[in-house]
Undergrad: 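There's a structure below that I have some questions on.
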Amino acid sequence: MSSATAARLTQYSPGGGCACKMPQGVLADLLSGLRSTGAASAGLRVGLDPADDAAIYDLAGLTDRSLVLTCDFITPVVDEPRDWGRIAAANALSDVYAMGGRPLLALNLVGWPGTLDPGLLGQVVAGGAETLGAAGAALAGGHSISDPAPKYGLAVVGEVPRSAILRKGGGKPGDLLVLTKALGVGVVSTAIKRGGADSAVVAAAVRSMCRLNADAAATASRFGLSGGTDVTGFGLIGHLHEMGVAGGVSARIDAGAVPLLPGVRELVARGFGPDGSRVTLRTALDRGWFRPGNLDADMRLLLADAQTSGGLLLAVPPATADDVVADLRRKGEVVASVVGELVEGSPGLVSAEAVPR
Ligand SMILES: Nc1ncnc2c1ncn2[C@@H]1O[C@H](COP(=O)(O)OP(=O)(O)OP(=O)(O)O)[C@@H](O)[C@H]1O
Ligand SMILES: [Mg+2]
């Protein structure tokens with residue numbers, strides 16, 4: 001048994017990865033009270049009003065591209081420290097890709113308990129550095145605090161060509177929705193924490209979480225897409241709801257077409273749903289913006305499952321959807337699929353149906 005396994009990092013995680021995100025409604029209330037101020041706010045192409053996956057800033061004198069700024073840190077989703085570092089870095093970089101950009105520079109954000117072996121932290125940041133290297137981004141510094149719950153992530157500066165910017169609200173009715181990664185990492189992470197996941201299931205989830213959304217962003221740029229986001233702590237329905245609110249459209253999900261990680265159906269049936277995912281689902285149903293149609297309880301939860309380092313969700317004109325999916329699969333996004341569509345209707349309404357096949 002490695003020291004990492006002995007330490008069981010997930011035991012230090014109150015919520016688990018992106019399932020530790022603040023509930024969507026609480027964050028929305030917080031954001032509604034914030035404004036960008038100061039002379040520099042004139043250069044903010046994308047800031048808080050409305051907020052997107054990352055901020056976009058136009059530097060004076062640069063006419064064809066803009067800066068992308070984001071930060072993200074999470075609690076442990078796996079016990080292996082190096083894997084957690086890789087995953088947290090891929091997750092933090094994802095918001096740059098979700099804006100259509102590429103990362104340039106990153107700063108480590110670290111919280112570490114005094115009771116936990118600092119050698120494990122060395123492995124965490126080594127995993128993060130490895131992922132930054134793969135992304136072509138440079139580690140330029142960081143900040144570290146003592147913290148009872150381990151936390152790791154990055155502040156990231158990237159760039160995006162103005163012609164390639166992806167906005168949450170950039171899709172329109174009739175666009176098909178393409179999801180690039182399978183759902184279920186929140187469920188797997190919960191099972192890891194409670195000792196219920198077998199190694200093959202964990203390995204598939206770790207592979208998915210470690211994968212950068214760089215290729216997905218490249219495909220979006222190649223096909224001139226303008227609508228998209230990354231699927232993270234609020235699950236597929238939560239992030240689709242945000243796309244719908246931002247774009248003034250409704251959305252339909254074909255639940256049978258949504259890719260799921262191996263083993264998660266069984267894990268959900270055994271009760272390994274993250275608390276954060278249950279909150280997302282309950283809130284969506286209570287507020288009336290999610291209509292789950294004929295879906296069973298487990299599938300409803302999976303569509304709300306909190307993802308860490310989830311895939312991109314892209315709005316794609318129907319004429320190019322087949323080519324977009326083929327391009328994604330060629331680049332290694334092997335489960336990329338059309339999972340639904342944007343439709344005219346009440347902004348942010350998400351309905352789902354399991355279409356018999
Ligand atoms: N405390 C905060 N103060 C100001 N802005 C915030 C705060 N927390 C979140 N935001 C902003 O709110 C927006 C939504 O944040 P949220 O964390 O839900 O999504 P995200 O940044 O896309 O991250 P991820 O994709 O990892 O979920 C982002 O623009 C983010 O910068
Ligand atoms: Mg995001």
Side-chain angles (χ1 to χ4, degrees), residues 15-38 41 44-57 66-75 77 87-101 103 106 109 128 131 151-158 160 165-170 179-181 183 185-186 189 209 211-214 216-217 220 227-246 274 276-277 279-280 283-284 304-315 348:
C18 282
C20 67
K21 270 183 81 157
M22 183 177 274
Q24 202 166 17
V26 179
L27 178 60
D29 289 346
L30 175 73
L31 294 185
S32 70
L34 296 178
R35 289 282 167 277
S36 306
T37 51
S41 60
L44 263 184
R45 179 175 289 263
V46 179
L48 289 167
D49 189 24
D52 212 298
D53 290 296
I56 296 205
Y57 185 77
S66 303
L67 288 180
V68 185
L69 300 118
T70 183
C71 64
D72 209 312
F73 54 87
I74 58 172
T75 53
V77 278
I87 291 165
N91 182 66
L93 293 168
S94 175
D95 281 317
V96 175
Y97 296 124
M99 298 305 292
L109 303 173
T131 295
K151 297 182 185 75
Y152 176 56
L154 303 170
V156 189
V157 175
V160 63
I165 294 174
L166 282 174
R167 297 294 307 264
K168 282 186 190 182
L179 178 65
T180 64
K181 288 189 190 178
L183 300 184
V185 295
S189 175
M209 288 189 279
R211 187 167 168 76
L212 291 167
N213 280 327
T229 190
D230 57 344
V231 177
T232 56
F234 304 141
L236 177 63
I237 59 166
H239 292 282
L240 188 47
H241 171 65
E242 290 184 348
M243 284 177 77
V245 169
S277 309
V279 169
T280 299
T283 307
D305 186 43
Q307 303 302 286
T308 301
S309 190
L312 295 193
L313 180 61
L314 301 168

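Atoms considered below: every heavy atom in the structure, side chains included; atoms not considered: hydrogens, waters and symmetry mates. For ligands, and for the atoms within them, numbers begin at 1 and follow the listed sequence.
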Undergrad: Check this for me - ligand 1, Asp230, N or O atoms closer than 3.5 angstrom, yes or no?
TA: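 It does: an N or O of Asp230 is found under 3.5 Å from an N or O of ligand 1.
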Undergrad: Below a 4.0 angstrom heavy-atom separation, can you tell me which part of Thr70, side chain or backbone, both or neither, approaches ligand 1?
TA: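 For Thr70, there is no contact with ligand 1 at all, from either part.
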Undergrad: I'd like to check which ligand 1 atoms, numbered from 1 as shown, lie under 4.0 Å from a non-hydrogen atom of Phe234.
TA: 18 (O)
Undergrad: Out of Leu69, Leu30, Leu31, indicate the one that has the non-hydrogen atom closest to atom 1 (N) of ligand 1.
TA: Leu30
Undergrad: Looking at Leu48, which atoms of ligand 1 are within less than 4.0 Å of one of its heavy atoms?
TA: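 So the answer, numbered in order with elements, is 5 (N).
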Undergrad: Taking N or O atoms only and a 3.5 Å limit, does Lys168 qualify as a polar contact for ligand 1?
TA: no
Undergrad: Before signing off on this row, confirm whether Asp72 and ligand 1 have an N or O atom pair separated by under 3.5 Å.
TA: yes
Undergrad: Under a 3.5 Å distance rule, please check whether Ser32 uses its side chain to pair with a backbone N or O of Asp29 as donor and acceptor.
TA: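 Checking the backbone N and O of Asp29 against the side chain of Ser32, a donor-acceptor pair under 3.5 Å is found.
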Undergrad: Mark up the atoms of ligand 1 that fall under 4.0 Å of a heavy atom belonging to Leu27, in ascending order.
TA: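 So the atoms of ligand 1 that pass are 8 (N), 9 (C), 15 (O), 16 (P), 18 (O).
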Undergrad: Would you confirm whether Gln24, through its side chain, and Gly238, through its main-chain N or O, come within 3.5 Å as a donor-acceptor pair?
TA: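 Looks like yes, one N/O pair under 3.5 Å.
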Undergrad: Could you list which atoms of ligand 1 come closer than 4.0 Å to a heavy atom of Leu34?
TA: 3 (N), 4 (C)
Undergrad: What I want to know is whether Asp52 and ligand 1 share at least one N or O pair that is separated by under 3.5 angstrom.
TA: yes
Undergrad: Which ligand 1 atoms does Thr232 reach within 4.0 Å, using its non-hydrogen atoms?
TA: 24 (P), 25 (O), 26 (O), 27 (O)
Undergrad: Say you draw a straight line from CG of Asp53 to OG1 of Thr232; how long is it, rounded to the nearest 0.5 Å?
TA: 7.5 Å
Undergrad: Answer with yes or no whether the side chains of Thr308 and Asn91 bring together a donor and an acceptor at under 3.5 Å.
TA: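 Result is no, nothing qualifies.
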Undergrad: Near Ala51, which atoms of ligand 1 are under 4.0 Å from a heavy atom of that residue?
TA: 13 (C), 29 (O)
Undergrad: List the atom of Leu109, the atom of Phe73, and the distance in Å for their closest heavy-atom pair.
TA: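 What the structure gives for the nearest pair is CD1-CD2, 4.0 Å.
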Undergrad: Look at the side chain of Thr180 and the backbone N and O of Leu312, then say whether any donor-acceptor pair between them is shorter than 3.5 Å.
TA: yes
Undergrad: Can you tell me how far the CG atom of Asp52 sits from the CG atom of Asp95, to the nearest 0.5 Å?
TA: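 That separation rounds to 9.0 Å.
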Undergrad: Judged by atom type as modelled, is there a donor-acceptor pair below 3.5 Å linking the side chain of Lys181 to the main-chain atoms of Ser309?
TA: yes
Undergrad: For the Mg ion (ligand 2), which N, O or S atom of Asp53 is at the shortest distance?
TA: OD1
Undergrad: Where the Mg ion (ligand 2) is the centre, what is the OD1-to-OD1 angle for Asp95 and Asp230, rounded to 10°?
TA: 90°
Undergrad: Working to the nearest 0.5 Å, report the span between CG of Leu212 and OH of Tyr97.
TA: 4.5 Å
